[in-house]
Every structure is written in C-alpha cells, then in structure tokens.
2 protein chains.
Amino acid sequence: MASSAPSRVVETLRDEILNGTLAPGARLRQEDIALRFNASRQPVRDALRQLEGDGLVNLVANSGAWVSKLSESECFEAYQMREKLEPLLISRSIPNLKPAQIQRLTELVSEIERATDLEQFLRLDREFHLLSYAGAAPGMLREFVERIWNTTQHYRRAFAKLSGFATSEVTHMEHKLILDGIVRNDSAQAERALEAHIRRTRVTLSEHKEIFN
Amino acid sequence: MASSAPSRVVETLRDEILNGTLAPGARLRQEDIALRFNASRQPVRDALRQLEGDGLVNLVANSGAWVSKLSESECFEAYQMREKLEPLLISRSIPNLKPAQIQRLTELVSEIERATDLEQFLRLDREFHLLSYAGAAPGMLREFVERIWNTTQHYRRAFAKLSGFATSEVTHMEHKLILDGIVRNDSAQAERALEAHIRRTRVTLSEHKEIFN
DNA sequence: ATGGGCGAAAATGTATCCAATTACAACTTT
DNA sequence: AAAGTTGTAATTGGATACATTTTCGCCCAT
C-alpha cells in the first residue's frame, strides 16, 4: 500500500536535505515538486508545511520556500541544546533497550571505527545515536532531539569533510564509554559520557567557523 | 491591513487553546472553522498544519484534527525540558534586556503578588517569563521554550485551579530571586533561581496526578 | 441479545481554476 | 547617468468541485 502523496514528498525531500542533495538555501518551487511527484500543488504545500514544522524548510508568505540555513550562532545554540537534552533522553531509553538493540549498538561502534568513507561514517554515527534512543517513549523530548539532529546534519557533514571526517581516537573512546554505560545498564555513566561527547564536539566545531560561508 | 487568512486562524485558535476555550481533546473540523472565518478549507488546513508544528494540535491523516493532550508522563517530561532549556535562554537574554523591559519585569513581580483571580495570575506569570526572554535572539532555543509553555499552559491552569492558584510565598520569593539576577545583570544567579523555580514546580505538579483525568 | 459486516453520510484529501502578491525589468524622469 | 516608477511575467494563495477514506448507524445472521 502506497502512503499518501504528502508523506511521499515529505520523506523524499527530508532524505535529500539530510543526505546533502538539497543544500541549505536551495529554493523549493511548488510547481516543480508537484510535477516531479505527479501530484497537484496542494499536497506539496502540505508537505512543505510539515517540513517547516521539522525545521528543515523555511516558508515565506507570498514568496517561496527554501531549505533551512543555520548561522554559526544558531548551530552553536543547537549543540548547546543537544548537550542538555540528549543525556536526558538516553537515560530514559536505556532501561527499555532490548538485547538485540544493544547487540546492534555494539556492532555499530566497531563499524564506525572501521568506517572508510565520509557518508558511511555519517550514516553509522547517526544510526548509533538514534538507536540508542529507541527505548525512550515517543514524545516531545525525542521529537526535539531528532529535530536538532536533522537541522544540524548538513553542518555535521561539512565539518567531517573539513577534518578528513576525523574519526579520531577520542571519538571512538567516547562512543565506547557511552556503549559501556548502556551495556552495564548504568544510565548515569551513559549520560555523563554522552554529555562530554557532545560538549567536545561543540567546542571543536566552534573552531571551524569557515563551515558557515 | 488584515493579515492572511491562515494567520488569522492560527492566532485565534492558538488564543482559544491557551485561554482554555478549546480544551485538550476537542475536535477541530475543517469545514466548521472555514465557515467561521469566511474562508475555504485550504487556508484552514494550512493553519492546522502550523498549529501542529507548534505542538498545539494533533493531525491524523484521513481522520481529523484534535487539540493536543498531554499524558501525565509527557507533562512531566515537558517540565524536565523546561528545567534544562529555560535557564540557558534567560542567560542569553539578560545582557540584551532594555531598561524599560527590566522596569516592566519589576512591576510584574509586584502585580503577580497582588493578583486576585486565577486568569489574571496566569496571564501575568506568563508575561513575566516571556518578557524575561525577550532579549534572546530568535532561534530554536526560544522556539522550543515557547512551545513547552504553550503545550503545558492548560495543565498550568488546571493545577493553579486545584491549589487555589496557590501563589504561595515560595513562588514570590523565587520570582524575586530571578528578578534580582536580572536587575543585577547576574546571569548565573538568574539561571540558578529559574532552574530551582521550575524544578520545584515540577515536583509539586507531580503530586497532583488527578489533573490528567 | 450480541457480534459482525454492509451501506450511507460525513469528513478529509486532491485537482483544477482563478485571484493576489511579488520580483524583475524596462522605461521615464530628473 | 542614476534613481524612481510602472508594467509584465512568474509564483504563491485561495476557492470550488470532485474523489477517497473513514465512521457510524443499521440490518442480518448466529
């Protein structure tokens, strides 16, 4: 069964924004999108509004829609929020993670360590974090964290590209600390390790302002 | 000049949800709203999507729209997020507050202390907090905090009603501590005072689960 | 009497058409 | 020549009509 037209548009455009096909600032014309999906402009407008709600698209009345763009300070702010919210989320998730999920998380840490190309690294790293929250109940907290991930994804890529997708030893150590907290069902340690990981990432990122040009 | 049809709908419905005219769980039929605003259903659909983005409305495909409802644990979670995010926001706001705004904040603390009815108290308290963030740059952080305020507003009212809108001495003291931090340009104190205020409110709220029936 | 399925009514989803707004460009004016 | 103005093209906003989906009452069968 095929999902509704707006859903298809939302899913596709979201993917293209996250994987970099659509760069921040790119214009989104309703008619073009409608033609592309063999639909009329109404479902497209619905889809654009949904994407706006996800923070991925900016709509300006009587003017048009563009892929969202973060300034340096906005990106910094997003990381500060992550630092506060993600630890809360992971601590709510850990007690509910199933053995199979923990197994997968363990594999992911190894795979990330052995990742050879940038897109692979980004995909695995994202999967690791999103899966680590899989035990948390759906709700505002999860929604907010996922939105932060989505809106900063482009800058994560830009930063990784700049530093030769610097999968430094530090990153691996941090991942292992987080994983250890998960495996040992020690929410407090996972929280601390995750917070430290995000904080270091934020500080490192703030030393590469050239991403935002 | 009158703003666009969707804006009028969004503004009006948002007000009615916040002031309690529309209770959580109330159904929102597109046709009814369209008739009421002398518009067609398209602008109404746009408006509902925007309200969904604000977390005030739930849309279910092919079924309908309802005013958002929080469970006890969701409301608790929202307060935990407030506790983490609001202090961050107020510390970013304080350096940019203008003298006139600080003056108004001072007045508000007094007015809150003398508030006689429930709706007045809710309105003044809300104005105090929102104004205390007025110095912060627009962005995700501010958006998130405002969304938390909006989605929890109904439960703030229910709780205040239950406890005789308990404007306890503790509340006044906390407000004064926050204000003192603002006046003395001491962001750190304001942060601490605000966090303590929210935490106490959260704990108190969690002792009144009957609100969520 | 109760449970399940069927059908009609009602609400949402989509397409097409027209109106309103905006942006751009050419033109006039100083 | 530069700045302001006006007109036209392009794009979005809104309304009407139609299709699809869901829902709920009703009937029938067990």
Side-chain angles (χ1 to χ4, degrees), chain A residues 1-17 21-69 71 138 143 151, chain B residues 1-17 21-69 71 138 143 151:
Chain A
M1 156 199 163
S3 50
S4 70
S7 318
R8 284 197 309 273
V9 175
V10 167
E11 296 297 328
T12 306
L13 290 187
R14 192 206 312 270
D15 285 349
E16 295 186 350
I17 292 171
T21 307
L22 287 169
R27 174 137 194 207
L28 301 169
R29 275 182 296 271
Q30 298 178 0
E31 178 119 19
D32 293 350
I33 300 171
L35 284 173
R36 180 177 160 198
F37 288 88
N38 286 320
S40 80
R41 278 175 43 227
Q42 258 62 17
V44 172
R45 292 175 57 172
D46 260 30
L48 289 175
R49 277 262 182 252
Q50 285 184 252
L51 289 167
E52 186 193 30
D54 293 339
L56 291 172
V57 163
N58 283 333
L59 262 70
V60 179
N62 289 314
S63 178
W66 290 266
V67 177
S68 289
K69 210 169 187 169
S71 69
E143 202 181 313
T151 54
Chain B
M1 157 194 165
S3 50
S4 70
S7 319
R8 284 197 309 274
V9 176
V10 167
E11 296 298 328
T12 307
L13 290 187
R14 189 206 313 268
D15 284 350
E16 294 186 350
I17 292 171
T21 307
L22 288 170
R27 173 132 195 212
L28 301 169
R29 274 183 294 271
Q30 299 178 359
E31 178 115 23
D32 293 350
I33 300 170
L35 283 172
R36 180 177 162 200
F37 288 90
N38 285 318
S40 79
R41 279 173 41 226
Q42 257 63 15
V44 172
R45 289 169 59 95
D46 259 30
L48 289 176
R49 278 265 182 248
Q50 286 183 253
L51 289 167
E52 186 192 32
D54 292 341
L56 292 173
V57 164
N58 282 334
L59 262 70
V60 179
N62 287 315
S63 177
W66 289 266
V67 177
S68 291
K69 209 170 187 169
S71 69
E143 205 180 311
T151 54

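The sequence lines fix the lettering, A, B, ..., with proteins before strands; numbering per chain opens at 1. Model, not experiment: these values are computed from the prediction.
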If you restrict it to nitrogen or oxygen atoms, what contacts under 3.5 Å exist between nucleotides 15-17 of chain D and the protein, and what is each distance?
{"residue": "D:dA15", "atom": "OP2", "partner": "B:S40", "partner atom": "N", "Å": "2.8"}
{"residue": "D:dA15", "atom": "OP2", "partner": "B:S40", "partner atom": "OG", "Å": "3.0"}
{"residue": "D:dA15", "atom": "N6", "partner": "A:Q42", "partner atom": "NE2", "Å": "3.1"}
{"residue": "D:dT16", "atom": "O4", "partner": "B:Q42", "partner atom": "OE1", "Å": "3.4"}

Only counting residues at least two apart or in another chain, list the ones meeting side-chain hydrogen bond (donor to acceptor under 3.5 Å, both in side chains) with [X].
X     : result
B:T12 : none
A:E16 : A:R36
B:E31 : none
B:E52 : B:R49

For this session: Determine which pairs satisfy salt bridge (Lys or Arg N to Asp or Glu O under 4.0 Å) with at least one residue from residues 55-67 of chain B, sequence neighbours left out, and list them in order.
Result: none

How many whole angstroms separate atom [atom1] of [X] from atom [atom2] of [N]?
X     : N      : atom1 : atom2 : value
B:R45 : D:dG13 : CZ    : C1'   : 15 Å
A:E52 : D:dT12 : CD    : C1'   : 14 Å
A:D46 : C:dG13 : CG    : P     : 7 Å
B:E31 : C:dA9  : CD    : P     : 17 Å
B:L48 : C:dA11 : CG    : C1'   : 13 Å

Per-pair distances, 0.1 Å, donor-acceptor, side chain in residues 60-68 of chain B, under 3.5 Å, sequence neighbours excluded:
{"residue": "B:S68", "atom": "OG", "partner": "B:G55", "partner atom": "O", "Å": "3.0"}
{"residue": "B:S68", "atom": "OG", "partner": "B:L56", "partner atom": "O", "Å": "3.3"}
{"residue": "B:S68", "atom": "OG", "partner": "B:V57", "partner atom": "N", "Å": "3.2"}

Problem set entry | Straight-line distance of A:I33 CD1 to A:L28 CG, nearest 0.5 Å | 5.0 Å

Seminar exercise, completed: For A:P24, the side chain to side chain contact (heavy atoms under 4.5 Å, CB included) test, sequence neighbours excluded, returns A:K69, A:H154, A:Y155

Exercise. With sequence neighbours excluded, what pairs up with B:A5 under the side chain to side chain contact (heavy atoms under 4.5 Å, CB included) test?
Worked result: B:R8, B:P43

For this session: Take the C1' atoms of the five end pairs on each side of the helix from C:dA1-D:dT30 to C:dT30-D:dA1, derive the two axes, and give their angle rounded to 10 degrees.
Result: 10°

Seminar exercise, completed: Those residues at least two apart in sequence (or on a different chain) that pass salt bridge (Lys or Arg N to Asp or Glu O under 4.0 Å) with A:E143 are B:R147

Collect all protein-nucleotide pairs involving nucleotides 9-11 of chain D in which both atoms are nitrogen or oxygen and the distance is under 3.5 Å.
{"residue": "D:dT11", "atom": "O3'", "partner": "A:R27", "partner atom": "NH2", "Å": "3.3"}

For this session: Indicate, with a heavy-atom threshold strictly under 4.0 Å, whether B:L28 touches base, sugar-phosphate, or nothing.
Result: sugar-phosphate

For this session: Work out which heavy atom in A:L48 is nearest to a heavy atom in A:L13; give both atom names and the distance.
Result: CD2-CD1, 4.5 Å

